[in-house]
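Below: the structure, in structure tokens.
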Protein chains: 2
Amino acid sequence: MGSRVTLRSVAEAAGVSTAAVSYAFNRPQRLSAEVRTRILAVARDLGYAGPNAAARSLRTGRANAVGVILTTELAYAFRDPYVLDLLGGLAETLAAGRTSLVLIPFAPVVAGLTDVQVRESLDAVHRAVIDGAVADGLTDAHPAVRALADRSLPLVLSAESSAARCVLIDDRQAGRTVGRHLVDLGHRDLAMVVAAPDPPGRLVPTVDEATLYPYSRNRLAGVRDALPPGARLRVVSGGGNATGSGHTAAAALLAGGDRPTAIVADSDVLAAAVAHTAAERGLRVGHDLSVTGFDDVPLAAAVGLTTVRQPIAEKGRLMARMLLDPAGTPNRVTLPTHLVVRSSTGPAPARRAGRTLT
Amino acid sequence: MGSRVTLRSVAEAAGVSTAAVSYAFNRPQRLSAEVRTRILAVARDLGYAGPNAAARSLRTGRANAVGVILTTELAYAFRDPYVLDLLGGLAETLAAGRTSLVLIPFAPVVAGLTDVQVRESLDAVHRAVIDGAVADGLTDAHPAVRALADRSLPLVLSAESSAARCVLIDDRQAGRTVGRHLVDLGHRDLAMVVAAPDPPGRLVPTVDEATLYPYSRNRLAGVRDALPPGARLRVVSGGGNATGSGHTAAAALLAGGDRPTAIVADSDVLAAAVAHTAAERGLRVGHDLSVTGFDDVPLAAAVGLTTVRQPIAEKGRLMARMLLDPAGTPNRVTLPTHLVVRSSTGPAPARRAGRTLT
DNA sequence: CTCCCGCTGTTAATCGATTAACAGAGTGCC
DNA sequence: GGCACTCTGTTAATCGATTAACAGCGGGAG
């Protein structure tokens with residue numbers, strides 16, 4: 001009852017060295033069957049549950065766990081199909097390597113974030129007992145990534161990185177493809193709805209592009225690439241990657257007479273919300289308004305969204321493999337994407353009366 | 001470059017004791033501003049990222065993380081709305097306590113599971129550096145629960161437990177409510193589709209009730225309670241809690257002329273799959289066949305399922321709170337459930353021709 | 001002039017294991 | 001008989017921190 005039972009107490013009770021007890025648990029064939037059995041019996045009697053996890057981690061330098069940095073609230077992440085698909089891919093590969101997954105929440109880095117919040121989040125990153133980590137959508141500049149790099153842990157990002165290994169998609173190219181698709185359909189007045197790392201629910205009509213997630217920035221640049229001179233592109237955010245933010249953004253864009261003919265959303269979740277809002281306002285999606293998404297999660301097919309497919313689960317599997325087997329995998333992989341055209345996009349509507357184009 | 005930089009190397013470089021360095025990171029005001037600044041500067045120069053996580057965990061006995069035992073493959077769990085909702089609730093409360101979530105996969109305990117697989121799973125449980133754990137749907141008898149108990153970690157279950165703390169719903173009562181609802185509608189030939197801890201895809205026409213998840217067993221007992229003498233109840237499983245298993249089970253039940261008039265499913269996911277299969281076969285759900293679910297996840301509302309609502313996220317929040325604050329919370333809580341009647345249930349159809357009842 | 005206290009910093013014990021190196025005993029082979 | 005091995009088990013160093021207890025010092029109170 002007094003002190004907790006340790007390797008040592010078992011050793012003393014069994015009349016052997018601590019090494020023997022350790023071997024009994026970790027390298028059974030290193031000991032004679034007789035001694036091993038006796039040790040295990042004593043351990044059971046004493047209620048010894050096996051070597052202490054933290055001590056073992058310290059001594060061996062291995063944790064048998066990898067971290068995932070999530071920059072949205074966890075409760076929130078569990079509702080994001082992209083995140084779930086990625087986690088699924090990660091988990092699939094990690095489970096095979098008997099590795100647990102540590103979900104590390106990091107306060108969203110907003111302009112107004114206090115030092116205290118960042119420090120607390122960093123603390124969680126520092127305290128995590130892990131062998132490596134993956135951070136999705138974060139760059140080298142993110143404090144969490146820096147902290148992990150300082151700990152000199154293996155790190156896999158899904159954004160361009162000079163220091164860490166990375167699994168990428170060509171966001172700019174993807175943006176270009178979407179842009180071209182819409183331009184080919186005759187659209188000249190576009191808007192882009194992005195998920196900004198801002199508190200959800202707040203409308204940011206004119207987004208400061210410097211604060212965007214790197215992938216958003218690249219997709220935006222791609223869409224711009226595709227636009228002919230004179231075409232218009234507004235950028236709006238309603239908050240994070242959630243239905244609510246999509247509604248907010250769409251409501252702002254569709255109010256008034258000056259609405260775009262096509263809306264490019266940063267994700268399928270946002271796109272579906274935009275489409276839904278449009279439909280509620282009596283617009284026929286794919287006719288009066290074209291909407292595109294990103295990712296091609298199951299929702300996209302269900303709603304009929306034109307979107308860019310990226311192999312999310314494969315990305316997760318690959319990231320996990322790069323973490324588990326640094327030697328046998330490349331440092332940098334670019335995964336393919338392609339445009340999936342469904343019913344949410346169509347020819348630009350004829351110019352509305354009462355609105356003149358220069 | 002040579003050896004990794006530790007608290008000690010920083011101390012030597014700064015000409016102070018290791019205690020001072022430790023204080024610089026953990027109790028800033030314990031040191032004069034001057035010394036603290038110097039230490040932190042030296043640390044930065046040396047590339048010291050702060051105290052080692054494992055060592056700190058060992059020394060302080062705290063990990064700032066709690067585990068979640070998942071008995072389905074993780075990739076699978078991330079597709080289960082119940083699990084996601086529960087994780088969301090857990091995460092919400094844990095994040096507030098600056099606690100990470102460790103997802104620990106445990107091989108599904110099937111009859112045919114080898115010792116080796118169990119041992120490997122147990123190893124993951126033993127190696128996890130955590131302060132406590134929650135296990136959903138597992139009883140005291142489960143090896144993972146036993147292992148955790150042996151480690152004398154705080155533990156919260158969602159099943160009746162003598163040793164651990166628990167958050168429950170009254171599954172038997174819920175089963176009774178569903179049963180009564182169907183009996184009142186005139187149904188006398190029922191089937192129950194359960195999620196069995198078996199490899200998915202395998203049809204188990206006559207389930208061995210001893211191997212069921214405890215909650216399934218209780219719900220089954222509840223349904224039986226409600227049946228009048230002479231009524232029939234078959235139990236079938238198509239595997240885990242997934243759409244595919246629901247299809248398998250439904251296909252088996254609906255083939256042949258001897259199909260039940262009502263199917264009680266163990267979860268909304270299964271129920272939706274059953275309803276879908278039935279519809280494919282030309283049956284009108286709610287008329288020719290009644291179907292009920294369990295949980296009331298968003299899917300249930302979308303599909304119009306009659307189901308039993310349970311406060312899943314609340315369950316998660318509560319479990320987390322019981323873990324973080326053992327003193328301030330009760331050992332045992334029962335959460336309310338109630339029947340939500342939608343369009344998937346209706347009066348039993350008139351007895352079909354060609355089929356005689358004794 | 002003492003006494004006592006608050007500030008800073010150090011000493012040293014401790015958390016609970018892993019594992020390289022070593023040593024004694026038995027064994028097979030020439 | 002002697003040598004080289006394989007088996008088992010032990011010794012002792014080490015992983016990287018935290019923190020109670022202590023000590024020197026300067027200053028205000030009595």
Side-chain angles (χ1 to χ4, degrees), chain A residues 2-40 42-43 46-64 123 126-129 131 150-153, chain B residues 2-40 42-43 46-64 123 126-129 131 150-153:
Chain A
S3 61
R4 268 249 269 295
V5 33
T6 70
L7 199 65
R8 170 142 64 188
S9 42
V10 174
E12 279 165 7
V16 296
S17 67
T18 62
V21 180
S22 178
Y23 288 138
F25 281 95
N26 296 315
R27 273 201 261 290
Q29 65 265 44
R30 184 83 164 65
L31 258 36
S32 69
E34 187 201 7
V35 171
R36 170 169 27 97
T37 311
R38 182 158 49 88
I39 292 177
L40 294 179
V42 171
L46 262 50
Y48 181 65
N52 173 285
R56 186 195 285 232
S57 248
L58 170 59
R59 185 59 244 231
T60 63
R62 290 196 43 72
N64 282 76
D123 206 48
H126 279 127
R127 291 191 121 93
V129 181
D131 298 319
D150 284 350
R151 283 182 64 179
S152 54
L153 287 175
Chain B
S3 61
R4 267 247 270 296
V5 33
T6 69
L7 199 65
R8 171 144 62 188
S9 43
V10 173
E12 280 165 6
V16 295
S17 67
T18 61
V21 180
S22 177
Y23 287 140
F25 281 94
N26 296 315
R27 271 201 262 289
Q29 66 266 42
R30 184 80 164 66
L31 258 35
S32 69
E34 186 199 9
V35 171
R36 169 169 29 96
T37 311
R38 181 159 50 87
I39 291 177
L40 293 179
V42 171
L46 263 48
Y48 181 66
N52 174 285
R56 186 194 284 232
S57 249
L58 170 60
R59 185 60 245 226
T60 62
R62 290 196 43 73
N64 282 76
D123 206 49
H126 279 128
R127 291 192 122 93
V129 182
D131 297 321
D150 284 351
R151 284 180 65 179
S152 52
L153 287 174

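Convention: sequence-line order gives letters A, B, ...; per-chain numbering from 1. As a basis for the values below, the full set of heavy atoms in this structure was taken, side chains included, without hydrogen atoms, waters or symmetry mates.
Residue B:L58 is in base contact, counting any heavy-atom pair closer than 4.0 Å across all strands shown. Within the nucleic acid shown, B:Y48 comes within 4.0 Å of sugar-phosphate atoms alone, with no base atom in reach, counting heavy atoms only.
The residue among B:T60 and B:R30 whose nearest nucleotide of DNA chain C lies closer to the 5′ end is B:R30. When each of A:R36 and B:V21 is assigned the nucleotide of DNA chain D bearing its nearest heavy atom, the one mapping closer to the 5' terminus is A:R36. Checking B:S32 against B:A55, the closest nucleotide of DNA chain C that is more toward the 5' end is the one next to B:S32.
Of the side-chain N and O atoms in A:S22, one or more sit less than 4.0 angstrom from OP1 or OP2 of C:dT18. Contact annotation: A:T18 does not reach the phosphate of D:dT10 (side-chain N/O to OP1 or OP2, under 4.0 Å). Between D:dC15 and B:R4, no contact under 4.0 Å exists linking OP1 or OP2 to a side-chain N or O. OP1 or OP2 of D:dT19 lies within a sub-4.0 Å distance of a side-chain N or O belonging to B:R27. Neither OP1 nor OP2 of C:dG16 sits under 4.0 Å from any side-chain N or O of A:T6.
Here the side chains of A:I39 and A:L31 are in contact, with some heavy-atom distance below 4.5 Å. Between B:R4 and B:N52 there is no side-chain heavy-atom pair separated by less than 4.5 Å. Looking only at side-chain heavy atoms (C-beta outward), A:Y48 and A:V42 stay at 4.5 Å or farther from each other.
If you measure from atom CG of A:L31 to atom C1' of D:dT6, you get 15 Å, rounded to the nearest angstrom. In this structure, the CD1 atom of A:I39 is 13 Å from the P atom of D:dT8, given to the nearest Å. Between the CZ atom of A:R62 and the P atom of D:dC15 there is a distance of 19 Å, rounded to whole Å. Here D:dA12 presents its C1' atom at 13 Å from CZ of A:R8, a figure rounded to the nearest Å. In this structure, A:E34 atom CD and D:dG9 atom P are separated by 8 Å, rounded to whole Å. Between the C1' atom of D:dG16 and the CD atom of B:E12 lies a distance of 13 Å, rounded to the nearest Å. In this structure, the CD atom of B:Q29 is 13 Å from the C1' atom of C:dC7, given to the nearest Å. Between B:N26 atom CG and D:dG16 atom C1' there is a gap of 13 Å when expressed in whole angstrom units.
Of all nucleotides listed (C:dA17, D:dT11, D:dA17), C:dA17 comes nearest to the side chain of A:L7. Side chain of B:A20, nearest nucleotide from D:dT10, D:dT18, C:dT10: C:dT10. With C:dT19, C:dT10, D:dT18 as the candidates, the nucleotide lying closest to the side chain of B:Y23 is C:dT10. Side-chain proximity of B:V35 to D:dT18, C:dT19, C:dG9: nearest is C:dG9.
Remark: side-chain polar atoms of A:S22 are not paired, donor with acceptor, to backbone N or O of A:T18 under 3.5 angstrom. Judged by distance alone, with hydrogens and angles left aside, the side-chain atoms of B:D131 form a donor-acceptor pair with the main-chain N or O of B:A63 at under 3.5 Å. In this structure a side-chain-to-backbone donor-acceptor pair under 3.5 Å is missing from A:R151 to B:A49.
Residue-to-nucleotide contacts include no donor-acceptor pair under 3.5 Å from the side chain of A:R56 to the base of C:dT18.
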